[in-house]
Structure formats: structure tokens, C-alpha cells
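For this chain, numbers begin at 1 and follow the sequence in order. Every heavy atom of this structure was used, including side-chain atoms; hydrogens, water molecules and symmetry mates were not. Remember, it's 1-based here, ligands and their atoms both numbered in the order they're listed. Please read all numbers here as calculations on a predicted model, not as lab measurements.
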Amino acid sequence: MTDNRNLEAAWAYHDATKHSYTSIRTNPHFLDWRNQPLPFKIYPTLDALPLPREVRPTGVAALSAIAESVPAESNASPDLEAVAQLLYLSAGITRKRKYPGGEFYFRAAACTGALYEVELYLVCGGLANLDAGVYHFAPAEFGLRRLRAGDHRGALLEATGGEPAVAHAPLTIVCTCTYWRNAWKYQARTYRHFGWDNGTLLANLLAVATALGLPARVVCGFVDASVNRLLDVDPSREVAFSIVTLGHVAALPPPSPAEISPLRLETVPLSEREVDYPLMREMHAATSLDSAEEVEAWRSHTPKTGIPPPAGSIVQLQPLSDAKMPRDPIEQVIQRRGSTRKFARSPITLAQLSTMLDRATRGVPADFLDPPGTQLNDLYLIVHSVEGLPPGAYVFHHNRGELECLKHGNFRADAGYLGLEQELPADAAVAIFFLADLRPILQRFGNRGYRAVQLEAGILGGKLYLAAYAQRLGASGLTFFDDDVTRFFSLHAQGKSAIFLVALGHSAKHKPG
Ligand SMILES: Cc1cc2nc3c(=O)[nH]c(=O)nc-3n(C[C@H](O)[C@H](O)[C@H](O)COP(=O)(O)O)c2cc1C
């Protein structure tokens, strides 16, 4: 039995990293500001190739870009400007804030603690104005550092067990996650954050790819050691977490060299000292795939999870018509996105909520979601203030476009408590909790299914952020008391695990009207 099939590992990690009322109060952890990790990975010996800074307008409405994808076999290849656009709008620095000790950089996608543990690497054949190579994206300089020259896409093709999207992609972006950068604050729970923070970034990346006419596909199945070796990352610190293919060309990449040589490139230490959380490394090992054959067997055939047909009262979604849909382009919406720091207790409309739910859940092109449109996470809502929808707890039937009422009532206090006793989910118009039945998911995908379910939640959460900002509403991701969330939505949610939380509503800064 491979580690991936030993399902006790995922359950042990999940249970050990749950938040509860008691765990929060008994955890002696504090933020050691003197040992705060650097927000960027720096290769001091390599020069950065500058990327074009101008954001080329796509004109594609954000609400379309998040909901649609370009058919997989449409021939398209990004040029250097498109590469710059993809990187800037998914992981670039979009806002700077001065504080007495210096300047703080906010990035295009929401990220827990603004710690930005996700790094991006490009593996490409020759593109217009960009030579074939393996590159690291440096957001601070907005440039690329070339780690390897030449076409190494064949190595990714092998590592993904011949994934067709990788075979035909002129460009593939590998997302890695760095343990210490996030664990400095969140300790061992960081492994969940990898999926969340990688996911919000991918929501942006997928939407921009669509706006640029590029087919894109998220690939979660790959031989971990091979991909880490290609990027030359130290897997005790930084690990490949997801892969995204961009574009489609008919020609296959050349075969990869038999040996991928180590680069031994110097990088600047993130902190004076790093604290190791072995639980995360153990979880990573237990979710790793070891051979191309294992990857091939892993891919697709998503298990049936889903929710039973509605038994309670139903409200049909009423999304805005195309004529009334805000048409702000994706690049504008991403650049104005932020996390709402305080919500106004003012209502949103059922049309606004419906539009967010509908547009965010039209499907993610991913190797673990087959057939397309399948979803691992179920969305449960606490509605506080939505015109046309009585306050209460609901479950969303995404295949039917319906909200089923589980219980009526004013649950602002409950939502605030469940969201780790914060005001945001109590003040918002609606708090959306993602729950998943991990049992069939782990049964089918092994422990790797845990990565997939967290990643999917981050992608859907990121799309909800964009759908909110496209309508000039606010959003914030949140963390939560795991078992209390399940309890709140039970009986319906019995046996499921809490995965993600996002609050949506009007920001107190920008009152409607
Ligand atoms: C998954 C997730 C969970 C988050 N949890 C919280 C939270 O519990 N409390 C909070 O105030 N902000 C939370 N945030 C918001 C982040 O702090 C915010 O994204 C980060 O500071 C970057 O700022 P920006 O989103 O405005 O760009 C969360 C964000 C994400 C993506």
C-alpha cells in the first residue's frame, strides 16, 4: 500500500488541525515579529528579466471570465505580454501600504495573513518574446528569473502520467507552497492554507486565461518528486502543490532529458530560524504520488458526493439577466479587489447573491473533476440580510440552481461565533460555509483527495470574491471552528467536514446608494 492509500494520515492531519473554542484558548503560539519570514523568494545570483508592465485591457466582463472556460483544444499560445498579464493579475503586487517600519505589499489574490506562501514557476516551450525555459516569477521586481534554459515540458508530461493538457500546453505554471512563510503564523494548519491560498490565486489565473482566449486546466495529479526536482526546490521547505496548463498547440514537447541535474542555486533565508511542523511534512508525504502509473490511475472519475434532493422549502436562484449584469472587465475587478475589513449590516438582493453563486459554481477545469461541472465541496449558507430571502440556514443545490432552507431564524451571533468569533461573518449579508464529505473523496483519491478538496474550495472562494467585487460588493475569506460548523448545519451536514468560509455583503466603507 502506498502512503497515498493509507487514509488514516489525512484523517489524523485533519483532526489534529481543527480549531475549537478550547484549542484557540489553549494554544500558547504568538507572532515572533523579529523572526517574521520574508514575503518573497529571492535568488541573489540571478538577474531578473523584466516583464512588460502595461496591463493590456481584455474588455471581458469579470462575471463572464469567472464562469466560462475556453474549449480545451482551441489553438492558442500566450506571448510575453499575455504571460505578464497572467502573472500580474494572479500573483502580482496590486497595492502598497506604508507603515512606520516600511512598506507592505498586497497581491492580486486574497491570502491568509497576507503571507503569500505561493510561488509561481513557468515551464514553457519557445513563446513570442520568451525563450523556452524554466523560470521563477519574482513579484517584487515584476520579472522572471531563468532557472533552466531549454524546453523541459517533457519532464512535466512524464510527471503527470501523460496528461493530455500538459502534452499540448505551450506554457505550464507550477504553483509551489512554502511551509514556513505561512506556518510562522498558522502553524500546522498551514497545509490547509496551501489549498485555500493556491486556490484563490488560481481563480484569478483561470479567469484571466479565459479573458485572454487561452484554454486552461488545473492538474493536481503528478509525481511530486519529479516536479520538485525540475524546479530545484528544497522539498523540506517548499513543495509543488498544483499545476495549470495554459494554451494549446498541436505539437508535442521534445522528450525530457534522462537526468534533471540539481542547480544548487542560492536563495536568501526567509528568517533567522525556521520552526518545523513535522505534521505538515508527514501530510505532504502521505498525499504524494510516486510514479506515472500511480498518477494515471489517480486521475479523473470523481466520486459521487452531492446532496440528497431537497426535502425542505426551496428558493430558486434569480441571477441578474445578461442585460443587467455589471460588465466591469476582469482586470479592473482584480485590481480593485481586497478583503472587506468591516461589513455594513445592509441587505444585498437575491439577484446579487444568485449571480455570485451561479457564476462561481459553473465548473472548474481540473483533472480531479470529471465529468466537468462536478464539485467536491457543498455550499451551506447563513443568510442574514438578503432581500427576497428570509434569514436562516440554507444548503445550495448547485446542479438545480436552488437554495433549500434548513432552518429559519436570525443567526448573526452563530455566524460570528463559527467564524472564529470575528465580526465579519456576523455583519456580512451572508456567510457561505464549504463542507465536504471527505469519506468518498479520500476513498477514491487517497490522501491526495485532501489537497484537491482544499484547492477546489480556494478556487470557488476566489471566484466568489471576484463575483462580489464585480458587483461592487465586498468579500472576505475566514477561518472557523470546524466541528461547530458541522454541528450547526446538521442533521443535513452530518458526517461532513468544514473546509472553507467566505463572507459576502456591502463593505461599511462603500455604503450602497
Ligand atoms: C482563506 C482565507 C481565509 C482568511 N481568513 C481571514 C480571517 O479569519 N480573518 C480576517 O480578518 N481575514 C481573513 N482573510 C483575509 C486576508 O487577511 C487577506 O486576504 C489578506 O490580508 C490580503 O489582503 P487582501 O485580500 O485585501 O488583498 C482570509 C483570506 C483567505 C483567502
Judged by modelled atom types alone, do N182 and T190 share a side-chain donor-acceptor pair under 3.5 Å? yes
Looking only at protein heavy atoms, identify the closest one to atom 28 (C) of ligand 1 and say how far it is in Å. G477 O, 3.3 Å
So is L424 in contact with ligand 1, going by heavy-atom distances below 4.0 Å? yes
Taking the six-membered ring where the residue is Trp, are the ring centres of F106 and F104 under 6.0 Å apart? yes
Sub-4.0 Å atoms of ligand 1 with respect to non-hydrogen atoms of T479: 5 (N), 8 (O)
In this structure, does ligand 1 have an atom that sits under 4.0 Å from one of the heavy atoms of R341? yes
If you scan protein heavy atoms around atom 9 (N) of ligand 1, the nearest is Q422 OE1, 2.8 Å
Considering heavy atoms of the protein only, find what lies nearest to atom 27 (O) of ligand 1 and give residue, atom and distance to 0.1 Å. R95 NH2, 2.6 Å
Is it true that the NZ or CZ of R337 lies under 6.0 Å from the centre of Y465's six-membered ring and within 45 degrees of the ring axis? yes
Test the K41-F137 pair against the cation-pi criterion, namely NZ or CZ under 6.0 angstrom from the six-membered ring centroid and within 45° of the ring axis. no
Is any N or O atom of T200, backbone or side chain, closer than 3.5 Å to an N or O atom of ligand 1? no
Contact between ligand 1 and Y116 is defined here as a heavy atom of the residue under 4.0 Å from a ligand atom; is it met? yes
For atom 20 (C) of ligand 1, the closest protein heavy atom turns out to be C111 O, 3.2 Å
Proximal ligand 1 atoms for G338, defined as those under 4.0 Å from one of its heavy atoms: 25 (O), 26 (O)
Centroid separation F481 to H19 less than 6.0 Å: no
Heavy-atom contacts with R337 under 4.0 Å: which atoms of ligand 1 show up? List them by number with element. 24 (P), 25 (O), 27 (O)
Does the gap between the ring centers of H14 and Y450 come in under 6.0 Å? yes
Say whether T112, considering both its backbone and side-chain N or O atoms, lies within less than 3.5 Å of an N or O atom on ligand 1. no
Does the structure place the NZ or CZ of R487 under 6.0 Å from the centre of the six-membered ring of F489, at an angle of no more than 45° from the ring's axis? no
Flag D197 as yes when one of its N or O atoms lies below 3.5 Å from any N or O atom of ligand 1, and as no otherwise. no
For atom 26 (O) of ligand 1, what's the nearest protein heavy atom and its distance? S339 N, 2.7 Å
Does the distance from a Lys or Arg side-chain N to an Asp or Glu carboxylate O, for R192 and D482, drop under 4.0 Å? yes
Going by the side-chain contact (heavy atoms from CB on, under 4.5 Å) test, name the single residue among V383, L357, L460, I382 that passes it with I432. L357
Closer than 4.0 Å to some heavy atom of A110 - which atoms of ligand 1 meet that? 19 (O), 25 (O), 31 (C)
Is the ring centre of F433 less than 6.0 Å from the ring centre of Y380? no
Counting heavy atoms only, which of Y105, W196, F106 comes nearest to atom 23 (O) of ligand 1? F106
re atom 21 (O) of ligand 1, the protein heavy-atom contact at minimum distance is A114 CB, 3.5 Å
Aromatic plane relationship, F396 with H398 - under 30° parallel, 30 to 60° tilted, over 60° perpendicular: tilted
Please verify whether a non-hydrogen atom of L420 lies at under 4.0 Å from ligand 1. no
